Amino acid sequence: MPELPEVETVRRYLAASLPGKSITAVDVQLPRLIRNRTAEDFAASLPGCTFTAVARRGKYLSLMLNSPWCLLVHLRMTGRLIYESDTTAPLPPYTRIVFTLNEGRLVYGDVRTFGCLWIVPAAGPTGISGYDSLGPDGLSEDFTADYLWQQVHGSRRLIKALLLDQTCLAGLGNIYADEALFLAGIRPSRRCSRVTRKESQRLYEAIRTVLTEGLENGGTTVFNFIDGSGKEGKNQENLRVYGREGQPCPVCGATIVYKKQGGRGTHYCPVCQK
DNA sequence: CAGGCCCTGCTT
DNA sequence: AAGCAGGGCCTG
C-alpha cells in the first residue's frame with residue numbers, strides 16, 4: 001500500500017521509538033516473508049542487537065542495528081510496522097512477525113503477505129537487486145529537475161511507466177504518480193519523447209508537491225495504511241484524481257476517467273491532461 | 001511492454 | 001462468483 005510519504009511517516013514514528021531499544025526475541029509466524037535467510041537464522045541472529053536509527057530509501061526501510069548488519073524491510077501492499085509499548089495487549093490482526101524488545105515490541109503485520117524482510121550489510125551493496133538499483137529518492141536533493149529531464153528526454157516509454165520505475169525515481173507508486181501527472185497537466189499515456197522540457201519541469205515540481213503534501217498529511221489511507229503508531233493518514237482527502245473516477249475534475253469540472261494502463265488502475269482528467 | 005504471479009479481503 | 005486493490009519481479 002505504502003508509497004514514499006507513507007513509508008516516511010512510518011520511518012519517523014519508528015525513529016522516535018526504536019533507537020536504544022534492544023531485541024530480546026523474534027517470533028516469525030510466516031517464514032516466507034524472510035527473503036535472504038531462513039526464518040530460523042533470522043530469528044536467532046537478531047536477539048542481543050540494539051536499534052540505532054531508522055533510514056529510508058524509496059519505499060524501503062532500514063532498521064539500523066549496533067552491528068555490521070541491518071534489517072531491511074519492504075512493506076509492499078499491506079505491510080505494517082508498529083511499535084507498541086504495551087506488550088500485554090492482544091497482538092493486532094494479521095500479525096506475521098513479532099520482535100520482542102527490552103521495552104515494548106515491534107510488530108510486523110501484513111494482510112496480503114507480500115512484504116519482504118532481509119538482513120543485509122549496513123554499508124555497501126546489499127545484494128538485494130531492487131534496493132541496490134534504486135534511483136534517487138523522490139524527496140532527496142539528488143532528485144533534481146535536470147535529472148528528471150535527462151530521464152524523460154532519453155526514453156521512449158510512457159510517462160507513467162517511467163514514474164513508477166524505481167530505478168529511475170525511488171518512492172512514487174500508483175497514487176502519487178497519477179496525482180503528479182494531474183498537477184503537471186500530462187496524460188499518463190503520453191510518450192516520454194513527447195514531453196517538453198517545460199512540462200518536465202512542471203512534472204518535477206508536481207512530484208515534489210504531491211510527496212510533500214502526502215507527508216504533511218501523515219500519508220494516504222485508501223484501504224488500510226496506518227503509520228508506525230497505528231494511526232490512519234489524512235491525505236486521501238487531498239487526492240485530486242486518484243479514486244475519483246466519475247467525479248468532476250477539481251479544476252475544470254470534466255469527468256475524471258479511469259483506465260487500465262500497464263496493468264495499473266490509472267486516473268486522469270481528459271481535459272486538463274493532454 | 002503486457003501479463004501473470006505472489007496473497008487476502010472487500011466491493012460489485 | 002468475479003474483479004479489484006497503493007508493489008515488484010519474472011516471463012514471454
Side-chain angles (χ1 to χ4, degrees), chain A residues 1-10 29-36 56-61 72-81 92-97 108-118 126-135 137-138 155-182 188-193 207 210-211 213-215 217-227 232-246 258-268:
Chain A
M1 74 192 120
E3 306 178 36
L4 188 155
E6 291 73 41
V7 179
E8 176 62 15
T9 301
V10 172
Q29 301 181 13
L30 190 59
R32 63 181 159 72
L33 300 182
I34 314 298
R35 292 313 173 100
N36 64 344
R56 181 193 58 77
R57 272 183 67 197
K59 303 170 194 169
Y60 289 82
L61 283 170
L72 184 65
V73 182
H74 196 301
L75 303 173
R76 294 289 182 104
M77 304 283 263
T78 53
R80 299 170 161 184
L81 264 181
Y94 308 106
T95 293
R96 310 299 187 186
I97 302 172
Y108 179 81
D110 197 337
V111 174
R112 289 173 69 185
T113 71
F114 286 173
C116 308
L117 296 89
W118 303 263
T126 65
I128 311 304
S129 62
Y131 183 82
D132 290 339
S133 66
L134 285 176
D137 184 85
S155 172
R156 302 189 340 272
R157 317 163 72 180
L158 307 183
I159 186 69
K160 182 175 174 182
L162 186 85
L163 295 186
L164 291 177
D165 180 349
Q166 304 296 300
T167 68
C168 168
L169 168 61
L172 273 198
N174 206 35
I175 296 179
Y176 292 99
D178 280 3
E179 293 293 306
L181 286 165
F182 171 76
S189 56
R190 183 102 67 90
R191 289 268 157 213
C192 285
S193 54
I207 291 167
V210 297
L211 291 178
E213 266 182 15
L215 189 51
N217 287 309
T220 300
T221 301
V222 169
F223 292 102
N224 49 13
F225 167 72
I226 50 175
D227 65 30
E232 297 196 336
K234 293 198 301 275
N235 198 55
Q236 56 278 11
E237 298 159 20
N238 229 359
L239 300 180
R240 296 162 175 93
V241 288
Y242 184 85
R244 301 209 181 276
E245 58 269 30
Y258 172 88
K259 270 191 187 146
K260 281 265 181 199
Q261 180 181 317
R264 314 301 299 277
T266 298
H267 313 73
Y268 64 92

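Predicted, not measured: the structure shown is a model, and the values here were computed from it. Residue numbers start from 1 in every chain, and the chains themselves are labelled A, B, ... in the order their sequence lines are given, proteins ahead of strands.
Across dG8(C) and dG9(B), the matching P atoms stand 22 Å from one another, rounded to whole Å.
Within the 3.5 Å criterion, the main-chain N or O of Asp110(A) finds no donor-acceptor partner in the side chain of Thr113(A).
Taking atom CZ of Arg76(A) as the reference point, atom C1' of dG8(C) lies 4 Å away to the nearest angstrom. Straight-line distance from the CZ atom of Arg80(A) to the P atom of dC7(B): 20 Å, rounded to whole Å. In this structure, the NZ atom of Lys160(A) is 14 Å from the P atom of dC1(B), given to the nearest Å. Across the protein-nucleic acid pair, Arg156(A) atom CZ and dC1(B) atom P stand 7 Å apart, rounded to whole Å. A straight line from CZ of Arg32(A) to P of dT8(B) spans 7 Å, rounded to a whole angstrom. Rounded to an integer number of Å, the gap from CG of Leu239(A) to P of dA5(C) is 15 Å. Protein atom CZ of Arg112(A) is 9 Å distant from nucleotide atom C1' of dC6(B), rounded to whole Å.
Residues Val73(A) and Tyr108(A) have side chains in contact (heavy-atom distance under 4.5 Å, counting atoms from C-beta outward).
Glu3(A) approaches Asn174(A) most closely through the heavy-atom pair OE2-N, 3.5 Å.
Here Leu158(A) lies in heavy-atom contact (under 4.0 Å) with sugar-phosphate atoms only.
In this structure, of dC6(B), dT8(B), dC1(B), it is dC1(B) that holds the atom nearest to the side chain of Arg157(A). Closest to the side chain of Tyr94(A), out of dG9(B), dC1(B), dC7(B), is dG9(B).
At the phosphate of dA5(C), OP1 or OP2 sits under 4.0 Å from a side-chain N or O atom of Lys260(A).
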